[in-house]
Asks: 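First, the structure itself, so that you have it in front of you.
Remember, it's a predicted structure, so these values are computed and weren't measured experimentally. Whatever order the structure lists them in is the order used to number ligands and atoms, beginning at 1.
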Amino acid sequence: MYPTDICHKIPPDHLKLWWKEGVGEHGNHIEAGHELRSTVQFEKINLLGAMPFFEKFDVIFCRNVLFYFKEEDQIKVQEKLLKQLKNGGYLVLGNSDKLLITDGLEDVGITVYKKK
Ligand SMILES: C[S@@+](CC[C@H](N)C(=O)[O-])C[C@H]1O[C@@H](n2cnc3c(N)ncnc32)[C@H](O)[C@@H]1O
């Protein structure tokens, strides 16, 4: 659920296609519609273990997790995430995280990195 205040940030055609208005106590909110929800798959993974994905991703959000790990583990996880990205894909870290790998990613925004 997101407050309707954010609607102006969503292109009108996307809003119409993918989102629906909340009802009852959620009247001032929008929520992802069924079709958008059906595209989402939830998996519980351990970043310190093997990556259980065969596919590569356009974007990976890994926000405010890495800073829990010791530096050598942060590097291993970042290398694994880089492998899971498509060329030209984006890795988004959290404000508390730091990119520790130097090859393969370029800084394109605040905590946003693009695979070369
Ligand atoms: C501070 S929360 C950040 C949650 C969310 N990414 C955000 O930005 O709001 C840190 C999350 O890291 C998860 N976490 C800690 N160790 C992990 C690991 N080894 N593999 C995957 N997730 C882990 C915790 O379960 C927790 O949900």
Asks: Against heavy atoms of N46, which atoms of ligand 1 measure under 4.0 Å?
Replies: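 It comes down to these atoms of ligand 1: 18 (C), 19 (N), 20 (N).
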Asks: Considering only the protein, which heavy-atom contact is closest to atom 14 (N) of ligand 1, and what is its distance?
Replies: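 Atom 14 (N) of ligand 1 sits closest to the protein heavy atom V65 CG1, 3.9 Å.
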Asks: Taking atom CD1 as the centre, does I110 end up with more than 12 heavy-atom neighbours from other residues, nucleotides or ligands that are less than 6.0 angstrom away?
Replies: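 Not buried by this count: 12 neighbours or fewer within 6.0 Å.
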Asks: For the backbone of N87 and the side chain of K115, can you confirm whether one donor and one acceptor N or O come within less than 3.5 Å of each other?
Replies: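 Not confirmed, K115 side chain does not pair with N87 backbone.
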Asks: For the side chain of Q74 and the backbone of F69, is there at least one donor-acceptor N/O pair under 3.5 Å apart?
Replies: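 Answer holds: yes.
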Asks: Could you tell me, atom by atom, which parts of ligand 1 come under 4.0 Å of a heavy atom of R63?
Replies: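 Near R63, the atoms of ligand 1 are 3 (C), 5 (C), 6 (N), 7 (C), 8 (O).
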Asks: Considering only the protein, which heavy-atom contact is closest to atom 17 (C) of ligand 1, and what is its distance?
Replies: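 Of the protein heavy atoms, F69 CZ, 3.9 Å lies nearest.
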Asks: Show your reasoning for whether side-chain contact (heavy atoms from CB on, under 4.5 Å) applies to V65 and D97.
Replies: CA-CA 7 Å; V65 180; D97 303 312; 5.6 Å; no
Asks: Look at the side chain of K20 and the backbone N and O of L15, then say whether any donor-acceptor pair between them is shorter than 3.5 Å.
Replies: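 Here the side-chain-to-backbone pair does not exist.
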Asks: For atom 26 (C) of ligand 1, what's the nearest protein heavy atom and its distance?
Replies: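 Of every protein heavy atom, Y68 CE1, 5.0 Å lies nearest to atom 26 (C) of ligand 1.
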Asks: Got the closest protein heavy atom to atom 20 (N) of ligand 1, with its distance?
Replies: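 Its nearest protein heavy-atom neighbour is L47 N, 2.9 Å.
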Asks: Within the side chain of K116, is there an N or O that forms a donor-acceptor pair under 3.5 Å with the backbone of G88?
Replies: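 Not a single qualifying donor-acceptor pair exists.
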Asks: What residue and heavy atom of the protein are closest to atom 21 (C) of ligand 1, and at what distance?
Replies: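 Among all protein heavy atoms, the one nearest atom 21 (C) of ligand 1 is I45 O, 3.2 Å.
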Asks: Measure the distances from the heavy atoms of F61 to every atom of ligand 1 and state whether one is below 4.0 angstrom.
Replies: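 Heavy atoms of F61 never come under 4.0 Å of ligand 1.
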